[in-house]
Amino acid sequence: MKLALTNALLIDGRGAAVERATILIRDGVFEACGANITIPEDTEQRIDVEGRAVLPGLIDLHAHVIGGNRAQGSNRYAYETLAYQLINPDMPYRDPIGMVTLRTVPAIFEFVSQGITTIRDLGGRDFLACDLRDAIDQGLIVGPRVLAAGVPVTSTGGVGAWWGGEADGSDGVRQAVRQRVKMGVDLIKCFGDGGPDWSTLGYTDDEFRTIVDEAHRKKRTCTCHCMAEEAIIAASQAGFNSIEHCWLGTAKSAAVMHDNGTIAVPTIANAYHIIHDGPKYGMVGEGFGFFDSVGFGRVVEAFKELVKAGVPIAMGSDVGGNEAHRHGHNLLELPFYVKYGLSNMDAIKAATSTAAQVVNLDHLIGSIEPGKIADLAIFDGNPLEDISVVLNGAHEVYRDGRLIYSREREWRSRSSGYREAATAWSDFEPEGAKDSYRVWNSESY
Ligand SMILES: [Zn+2]
């Protein structure tokens, strides 16, 4: 199959933009791209994209798609796994496994319609993310490429213990990594913060190093959720490929990350939603006091320190990780990055080439250049002039050179989160925005 897209504002994911570009795709791979490309005679399909912005398929490094918006991180729906029930038999709320699975399906469509063609699922019930990955690969449902972490590794009582992945001690965490590889995960997710206070350290240096050592021995990347400065420093020194959140990071922890080449996945739109909308979704009580004491300004401060230190920023949304940050709002990350210090081009790189580096797939995805997999996200408007155009959802999306989403041919009739996200952003005022911030209603999954 040979395909030519013409008249594109090509934004290649590596920092270049070319107007009126042509992109040639053959058998799911980019063959040529640029301003002066001759379209071969045998091209089967020619598509004029009418000057729209054509980006590499976007990468969301931090999602929790299993169970949709019935978030695993809140007190109401969290405690679903058998292991957790054994420890906490009184937890009253849990969804049947079938409902968890079915709620996943509409959530996965939200990624596609926003132009996201690769995701890391960083934690969910049991190892359902591996099944989701396989179901998409088998063509049972349309979706992005899924890289699954399965059940995250955490210390006893640590953050994320609700998924049942507690492991302690050098032998314990090494076995936990091996078990996950046996279950078919693509990467290892670890929680670096202990509980119940999110600003404590979950693991010793030895435990952190063992997790990284065993993950890399099994040829898996590994990422660590860290809020606290000391956790960020310890995880970076241990050699994790990336660190999630970094919300309580400082100039000191940012400098350590920079020196170690650790990539940050700041998830700041997530912080915004938790702090401003969490109570509405029942995110109150033990553990959530942390957010009351932090405030969004502190998170922004930590992000600015990362940018100032030159730490590479890669995009992760954390949608589905809690009830306040809902599926369909993934790309709200990008306007936040621009607002607080990245250029539009660097924000796009965060969601493309830099994100591809985090998962060691930069030889295959994350940019539009000959030889790479033909994943494309096409948007109306120019995100180099106004990054918030991505909040309107994609016009068309290609994965492996095949059209997997077309807004004009959209098969879904229900309201989608991304439109509401765009409206929310247009109303956005960082200070005192609590009351005017729009309430969306994607409550159905
Ligand atoms: Zn998360």
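Read the numbers this way: they start at 1 and go in the same order the structure lists the ligands and their atoms. A quick note: this is a predicted structure, and the numbers were derived from the prediction, not measured.
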Is there a donor in the side chain of H62 and an acceptor in the side chain of H64, or the other way round, less than 3.5 Å apart? yes
Please check this pair: side chain of N270 against backbone of H325, looking for a donor-acceptor N/O pair closer than 3.5 Å. no
Positive for salt bridge (Lys or Arg N to Asp or Glu O under 4.0 Å) with E214, one of R178, R220, K219, R180: R178
Closer than 2.8 Å to the Zn ion (ligand 1), do we get an N, O or S atom from H245, backbone or side chain? no
Only N/O/S atoms count here: what is the atom of H64 closest to the Zn ion (ligand 1) called? NE2
With the side chain counted from C-beta on, respond yes when V146 and D134 share a heavy-atom pair under 4.5 Å apart, and no when they do not. no
Tell me which N, O or S atom from D318 is the closest to the Zn ion (ligand 1). OD1
